Amino acid sequence: MPMEKNFDAAEAEARISAMWDKAGAFKAGANASHAETFSIMIPPPNVTGNLHMGHAFNNTLQDILTRWHRMRGFDTLWQPGTDHAGIATQMVVERELAQAGEPGRREMGREAFVKRVWQQKVKSRGNIKGQLERLGASCDWSREAFTMSGAPGAPAGEEGNFHDAVIKVFVDLHTKGLIYRGKRLVNWDPHFETAISDLEVEQTEVDGFMWHFKYPLAGGETYEYVEKDEDGKVTLRETRDYISIATTRPETMLGDGAVAVHPGDARYAAIVGMLCEIPVGPKQHRRLIPIITDDYPDPTFGSGAVKITGAHDFNDYGVAKRNGIPCYRLMDTKAYMRDDGAPYAEAASLAQRIVEGADFTEAEIDAINLVPDEYRGLDRLIARKRVVEAITAEGLAVTYLHKEIDAETGAEDLSRRPFVEAKKIMQPFGDRSKVVIEPMLTDQWFVDTAKIVQPAIDAVRDVRTKILPEQHEKVYFHWLENIEPWCISRQLWWGHQIPVWYGPKPTADGVAAVAGGSLHFCATTWQDAKEKALAHYQTIVPGKITVSENRDNREQPTFGGLIRSGDPSKPKLQRVNVTLFRDPDVLDTWFSSGLWPIGTLGWPEQTPELEKYFPTDVLITGFDIIFFWVARMMMMQLAVVDQVPFHTVYVHALVRDEKGKKMSKSLGNVLDPLDLIDEFGADAVRFTVTAMAAMGRDLKLSKDRIAGYRNFGTKLWNATRFAEMNGVFPVAATPSPRPEAPKATANKWIIGETARAVAETDAALAEFRFNDAATGLYAFVWGRVCDWYVEFAKPLFDGPEAQETRTTMAWVLEQCFILLHPIMPFVTEELWQITGTREKLLAHVDWPDYGIDLVDEAAEREMRWVISLIEEIRSARAQMHVPAGLQLAMVATQFDAPARAAWDRNEALINRLARIDSLIEVKAVPKGSITVAVEGATFALPLAGVIDVAEEKSRLSKTLEKIEKDLNGLRSRLNNPKFVESAPDDVVEDTRDKLALADEETAKLRAALRRLDDIG
RNA sequence: GGGUGAUUAGCUCAGUGGUAGAGCGCUUCGUUCACAUCGAAGAUGUCGGGGGUUCAAAUCCCUCAUCACCCACCA
């Protein structure tokens, strides 16, 4: 059956995908012919997600490497899977609940909600897979992994032990003291009501204000305030009874614990140690706070004095910690001003006692609510506005003199106005919620990254892991060398629940039921936690504690028993019941995806796959998750199994729209890869991103470019169709054997060109130069095979070398299918299948390795000569407006032996492609002819009466001019003794050759011009 | 404030020391049998500015300009 005129991608891709799938073509180890392995882990897409262009790009590159290695006989694994993506998924499900008008998360309760998210996950499980299959990704789907597989509550079909791996790592790191719980200032997302890590915060510049307020000195004290300029000249001297403070967040003044100045700041030296009053809140309860010194304040900025609100600012927190200043939490989990019913007056007096030196525990300080009644329950921003209004009304805002001249009377009016600066401020936003992040003092779990970071740094320094392009190594090092503790607890429901159980701490006089539990037991199961707790309690209160099941929740065991308490001399037995409860928080998603390389291979079990495919070879990922994911995988794999997770990290850039804008839903410039695949076919989309994948550069995607590469597929299709029409296909043997000792130069030449293409493709892929591989193959297939070899074959098919030409063409085209297959798997597989009865899938055909022995240099030289002759004739004809269809007779006026031999061997080719019908040798150039000069020969096309002499003259002059320009350059270089002396020999040689050639040509052109003068 | 990258044909971009390339677009010509999603021919660049190193610079160094991104606590 003759081939269709075009490849029908829409029809064929699904069929081919199904064929690969049915054959199990991509299973780990499929087509392995030697023991060497190649493994690559997909960066797991979010389970709720859709494939976007970044995924299409990323997965195309992974697929190219995977297919290439599989064809080369490696034991290959491309591990697919998805990430549970805690915040993102919880957000999606909550939004869907809201849209459907169903009860929200909190109304549903945790168990029901998590069940609902699992349903969502199962529903969308096929989504990502289907999208990747449409792209042609050759993942081993039988091994599909999920970062929460095997977690409690997982439905049937979601078995697996990823959860076990995560829990085990948490427990192990905790046991080693690498994970700890602490009350620290963290980034708090008021929308999701959870802590997030530093990396999940985006700093954005917004318009804000800086207010300047007066904090009056306690007891009406005054001091001499002196300001000097750079030269030490006094610019201001006044008596003040206050200290001036600048702030962008007046609402946090309610939680101030101190005012800090720089120790070297002479302006304030006299008042350091004194108390000042926070100028807000009920007058009778105004709080006094100390003026302290710390290196943090910058004397040249603002007034040089900084209010210290340890619970709501990262810098202030540091100052507070260093100086023993209490941190008062002012807001609730939604970032509204605390409204808990506790009386303000009492809180203010407690705070005052702390200033006076009273000792309070952190928990006690945390319980103090210093928000006055009128601000309670307000949004941060509203509270800010009210505070500013109140202070201003009271006259405690710093003011400046404003001069106004009355237009009518000309009277000067001097008034004081509040000093408020409009200011660009960097404000933190949640990367998911997009709401303003509030620093909050909460209890969280942290990984002590400082203790596990060094191996991750060393591994890249020692090149056990190579990061490409190299510029990213610097970024990697910089981040790791300045690493902060990693907050891994999230107050969410969708995720791995933290394997820690809390229990109250028994004291000598019984059990102190401390809120939150003051003892914690970290264990992989509640049973283990129970044992640990029991053992611990028994040490403290020997022999008196027993354990009993908790009827309400067996996973929260209750301990009961008689405890000796009271005065040891008169002991009293007291009955107590203690219930262990599990930490409700879940782990940061990246904690589990950080274990992706080993987790997907079955760790902690020592599976054969773990043995074989770990460490993996390559990780291909975007630069945006180097910190989130790459660095953490490095740290965690090294900490857990003491090996690097991958040998090479290839970091690719961003896919942007054609204007260079980042694709985003809000801009509406998102190109959906599936739409593009529908329109142009997967191969075209793949080839496009591959051709644009220059290392480290963003790529701007335009449809024109994709259409161009779609045409490339069509071109290959039609070259094959031509071959088929000429009896080249179908072939009997598969793959087609390489023709032995062909006679036609064109056949020898294309075999060499093919060998070069193989070598270049291999070299490019080995160095991750995907764009070079793609553009090199494009140039080979279109520029050499289609443009020239197919054209050469036409006359050869009518000649004595017809059979060897068929053999050669079958071989060459099959090599094209093979070489292009990693980039364009569908069209090549289809061509492979329809051009013969194939035993193997193209996806499993052996990748060639010919070396350059197949290159026949003489044939190469000869074909270059033939091609340049044809081009010269065509060019001359076109410029002289010779009708394209007109067959011409040609004369040779000069013809050396090698040129003559080349002509003789390729006469049929040249005649056909240049539309020449005869060649005779003459001594004299016929009148009215155009000249064609090539190496070793000069030809003329007699066109008396047809050509315009003036036009031919100008054509020749133009050509001559160009060559002479080159010639001069070459000559001056060779005339420079230093050049001949210093330049490498081959460069000098090359230059000499070029000069000789140019000399020859100019001579011929000059001669031709002279002849035109004669007749003209 | 620190860091990284970019600046090459009308557009989008390749090009790590030997006198500039591709795709798209543009101009002219061409449908007899692989392909009009095509073919043939053609035009277009002091490689951001300035300086330096070198026999030789788009390429290496310095500097300036513009743009982009990343990191960072200036109240």
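Keep in mind that what you see is a predicted model, and the values were worked out from it rather than measured. Chain A is the first sequence line, chain B the second, and so forth, proteins listed ahead of strands; every chain is numbered from 1.
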- Task: To the nearest Å, give me how far apart CE (A:M210) and C1' (B:C74) are.
- Result: 9 Å
- To the nearest Å, how far apart are A:Q879 CD and B:A41 P? 11 Å
- Message: Can you tell me if A:D917 has over 12 outside heavy atoms packed within less than 6.0 Å of its CG?
- Response: yes
- Query: For atom P, what is the distance between B:G18 and B:A57, given to the nearest Å?
  - Reply: 11 Å
- Distance check: side-chain N/O of A:K423 vs OP1/OP2 of B:A75, anything under 4.0 Å? yes
- Message: Starting the side chain at C-beta, find the nucleotide from B:U32, B:C71, B:U37 nearest to A:F627.
- Response: B:C71
- Same-atom distance (P) from B:U44 to B:C55, integer angstrom: 34 Å
- Assert: residue with more 5' nearest nucleotide on RNA chain B, out of A:T300 and A:K958, is A:K958
- Query: Would you say B:C24 has OP1 or OP2 under 4.0 Å from some side-chain N or O of A:K703?
  - Reply: no
- Regarding the side chain of A:K962, the nearest nucleotide among B:A72, B:A43, B:A34 is B:A43
- Expressed as a whole number of Å, how far does the C1' atom of B:U8 sit from that of B:C13? 9 Å
- Task: Could you check which of B:C70, B:C55, B:A34 has an atom nearest any side-chain atom of A:K794?
- Result: B:A34
- Task: Answer with base, sugar-phosphate or nothing: what part of the nucleic acid does A:T775 contact at a heavy-atom distance below 4.0 Å?
- Result: nothing
- Say you pick atom P in B:A68 and the same atom in B:C73; how far apart are they, in whole Å? 23 Å
- A:R710/A:E679 ion pair, N-O < 4.0 Å: no
- Item | Partner nucleotide of B:G1 by Watson-Crick or wobble geometry (both distances under 3.5 Å) | B:C71
- Query: Checking ring pair (Phe, Tyr, Trp, His ring centres under 6.0 Å) for the pair A:F627/A:W479: CA distance, chi angles, key distance, verdict?
  - Reply: CA-CA 7 Å; A:F627 305 142; A:W479 190 72; 4.9 Å; yes
- Applying a 3.5 Å limit to both distances, which nucleotide forms a Watson-Crick or G-U wobble pair with B:A40? B:U28
- Query: Which whole-number value in Å describes the distance from A:D295 CG to B:C73 C1'?
  - Reply: 15 Å
- Message: Give me the distance, rounded to whole Å, that separates B:A41 from B:G23 when you measure between the P atoms they each carry.
- Response: 13 Å
- Is the phosphate of B:C38, meaning OP1 or OP2, less than 4.0 Å from a side-chain N or O of A:T714? no
- Query: Counting only Watson-Crick or G-U wobble pairs whose two distances fall under 3.5 Å, which nucleotide matches B:A20?
  - Reply: none
- Query: For A:N711 and B:C35, is the shortest distance between a side-chain N/O and OP1 or OP2 below 4.0 Å?
  - Reply: no
- With rounding to whole Å, what would you report as the distance between B:C62 and B:C26 at their P atoms? 43 Å
- Does B:G5 have OP1 or OP2 sitting under 4.0 Å from an N or O in the side chain of A:K474? no
- Query: In the structure shown, which nucleotide is the Watson-Crick or G-U wobble counterpart of B:A65, with both distances under 3.5 Å?
  - Reply: B:U7
- Using Watson-Crick or G-U wobble geometry with both distances below 3.5 Å, tell me the partner of B:C47, or none. none
- Query: Near A:E961 CD, under 6.0 Å, is it more than 12 heavy atoms from other residues, nucleotides or ligands?
  - Reply: no
- Query: Which is true for A:R955 with a 4.0 Å heavy-atom rule: it touches a base, it touches only sugar-phosphate, or it touches nothing?
  - Reply: nothing
- Message: Parallel, tilted or perpendicular: which one describes the rings of A:F623 and A:H472, with boundaries at 30° and 60°?
- Response: parallel
- Message: Closest approach to the side chain of A:N315, judged atom by atom: which nucleotide of B:G23, B:G18, B:C73 is it?
- Response: B:C73
- Message: Does B:G39 have OP1 or OP2 under 4.0 Å away from a side-chain N or O of A:W782?
- Response: yes
